[in-house]
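These notes are about the structure you will find just below.
Since this is a predicted model, take the numbers as computed values, not measurements. Heavy-atom basis, side chains included; hydrogens, waters and symmetry copies ignored.
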Amino acid sequence: MYPYQTVFENHLFQQKLASSTILSYRHDLLNFFTAMTNKSETTGPDQITTSDLREYFFQMKKAASITDTTYNKILSHLNQYFIFLFQANLISSLPTLSLKGAAIKSAAIMPINWSNQLPVLLSNSELSFYTRLALLLIAHFYAATEFLQPGFYLIWQIEKLTAAEQSFMQQFEKFHQPLCQRQNSSELFLKQRHSNNPSLTLPALHKYLQRDQDQVAFPLTPQKLRTAAICNFLQKNRQLTNQTCCRQLHLDLNSLNYYRLLSFSTETTKQV
């Protein structure tokens with residue numbers, strides 16, 4: 001255990017953080033204090049200095065074991081930990097106060113072929129299960145407003161999946177089943193805490209996506225992701241009939257015509 005683990009993780013739980021997020025805090029704090037113990041015998045939080053933290057991150061970057069995104073995540077976790085201890089009068093100073101996060105290039109451009117990266121995205125455990133599931137559903141051309149509707153899980157059960165997608169869904173089920181039992185519901189997106197209205201709302205889903213944004217190089221915006229996936233499909237499958245496209249993309253004919261024009265415009269822009 002790391003110092004004050006129980007009281008700090010109780011604090012995180014009271015903040016209604018996801019279990020996976022709390023486990024991520026635990027992982028980063030255990031690694032940090034293990035490194036401090038290996039370095040010297042002075043490992044109490046009140047003895048940790050800014051220099052200790054700088055040296056810790058320097059050694060990790062020297063070993064090429066973290067990216068800038070991971071650095072920011074670990075620094076954020078350590079910062080929240082020390083802020084909690086400081087506010088609880090358990091330490092007298094903040095060793096993280098002068099440390100700055102690494103600048104991350106803004107994820108402003110949506111690659112039209114983002115769904116080609118889906119197998120890698122689904123296997124990325126740094127992303128929450130709900131973010132990965134949302135990416136999978138959007139890659140199958142479902143809108144967020146559709147897959148958050150009651151009963152959508154029945155539609156999803158008959159969807160054809162690749163081997164990588166099936167593997168992810170098996171992992172997701174292990175995460176999902178305890179929630180189903182707790183909430184007495186089979187919906188795909190469920191709140192972590194017991195509720196009379198257990199289904200996740202669209203704003204709540206966006207919070208998961210926002211937390212994971214630094215992990216990917218494109219915007220985690222459901223509408224933009226779906227538009228790109230549809231346009232990419234239409235550019236690759238011009239020979240398909242309107243009926244087939246409407247069925248596979250879950251669109252009516254008017255919407256299909258709109259996306260055909262948009263996909264043509266996107267392709268023309270790329271060629272100029």
Side-chain angles (χ1 to χ4, degrees), residues 9 12-13 15-28 30 69-70 73 77 114-216 218 220-223 225-226 228-230 233 247-250:
E9 291 185 8
L12 297 179
F13 182 77
Q15 300 300 308
K16 297 183 179 180
L17 296 186
S19 299
S20 58
T21 303
I22 295 176
L23 287 175
S24 183
Y25 269 92
R26 181 183 300 169
H27 174 268
D28 292 340
L30 283 172
T69 297
T70 303
K73 176 181 73 76
H77 288 175
W114 71 266
S115 55
N116 293 350
Q117 305 174 37
L118 191 61
V120 175
L121 293 166
L122 293 179
S123 65
N124 183 0
S125 60
E126 291 291 323
L127 297 173
S128 69
F129 274 111
Y130 281 160
T131 291
R132 285 182 280 169
L133 179 61
L135 289 171
L136 173 56
L137 297 173
I138 294 169
H140 281 255
F141 316 112
Y142 290 105
T145 51
E146 292 178 281
F147 59 69
L148 291 176
Q149 285 294 312
F152 176 80
Y153 69 94
L154 296 172
I155 297 173
W156 182 241
Q157 285 174 359
I158 62 175
E159 192 79 26
K160 293 182 179 179
L161 304 179
T162 66
E165 293 168 352
Q166 290 174 351
S167 177
F168 165 74
M169 287 305 301
Q170 290 172 357
Q171 297 175 43
F172 176 79
E173 281 304 312
K174 294 179 181 178
F175 157 81
H176 189 235
Q177 277 305 309
L179 290 177
C180 290
Q181 295 172 4
R182 187 181 309 153
Q183 303 288 17
N184 191 28
S185 173
S186 298
E187 302 298 342
L188 292 174
F189 293 88
L190 293 169
K191 297 174 182 175
Q192 297 287 327
R193 304 286 292 275
H194 178 71
S195 171
N196 292 329
N197 298 304
S199 295
L200 208 67
T201 62
L202 184 57
L205 174 61
H206 276 287
K207 288 183 180 180
Y208 280 96
L209 298 174
Q210 288 167 4
R211 290 172 191 162
D212 287 337
Q213 179 59 80
D214 287 346
Q215 302 296 330
V216 298
F218 52 83
L220 289 177
T221 308
Q223 184 176 356
L225 288 163
R226 180 169 176 259
I230 291 173
F233 176 89
R247 183 176 65 254
Q248 292 194 224
L249 299 174
H250 322 299

Donor-acceptor contact below 3.5 Å, side chain [X] vs main chain [Y]:
X      : Y      : value
Ser115 : Leu118 : no
Trp114 : Leu225 : yes
Gln183 : Arg193 : yes
Glu165 : Thr162 : yes
Gln149 : Glu146 : no
Gln213 : Leu220 : yes
Arg132 : Leu121 : no

- Message: If you count heavy atoms of other groups shown closer than 6.0 angstrom to CZ of Phe175, is the number above 12?
- Response: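 Yes, because the 6.0 Å sphere around CZ of Phe175 holds more than 12 heavy atoms from other groups.
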What distance do [X] atom [atom1] and [Y] atom [atom2] have between them, rounded to the nearest 0.5 Å?
X      : Y      : atom1 : atom2 : answer
Leu136 : Phe172 : CG    : CZ    : 10.0 Å
Met169 : Lys174 : CE    : NZ    : 13.0 Å
Gln223 : Thr145 : CD    : OG1   : 9.0 Å
Leu202 : Leu209 : CG    : CG    : 9.0 Å
Ser20  : His27  : OG    : NE2   : 13.5 Å

- Item | Residues Asp214, Lys73: salt bridge by 4.0 Å N-O rule |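 Answer for the salt bridge query: no.
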- Message: Run the salt bridge (Lys or Arg N to Asp or Glu O under 4.0 Å) test against Asp212 and tell me which residues pass, sequence neighbours left out.
- Response: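 Applying salt bridge (Lys or Arg N to Asp or Glu O under 4.0 Å) to Asp212 gives none.
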- Task: Determine whether the side chains of Gln248 and His140 contain a donor N or O and an acceptor N or O closer than 3.5 Å.
- Result: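 On atom types as modelled, these side chains do not qualify, holding no pair under 3.5 Å.
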Student check: side-chain heavy atoms of [X] and [Y] closer than 4.5 Å:
X      : Y      : result
Leu205 : Thr131 : no
Trp156 : Leu161 : yes
Arg182 : Pro198 : no
Thr21  : Leu12  : no
Tyr208 : Leu200 : yes
Phe147 : Ile138 : yes
Gln171 : Phe129 : yes

- Between His77 and Ser24, does a side chain to side chain contact (heavy atoms under 4.5 Å, CB included) hold up when you go through it step by step? CA-CA 8 Å; His77 288 175; Ser24 183; 3.2 Å; yes
Under 3.5 Å, side-chain donor or acceptor atoms of residues 184-191 against the rest of the protein: list the pairs with distances, not counting sequence neighbours.
unit_1	atom_1	unit_2	atom_2	d
Ser185	OG	Glu187	N	3.2
Glu187	OE1	Gly151	N	3.1
Glu187	OE2	Gly151	N	2.9
Lys191	NZ	Asn197	O	2.8

- Message: Does the plane of the ring in Tyr142 sit parallel, tilted or perpendicular to the ring in His250? Use 30° and 60° as the thresholds.
- Response: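 Parallel, since the angle between the ring planes stays under 30°.
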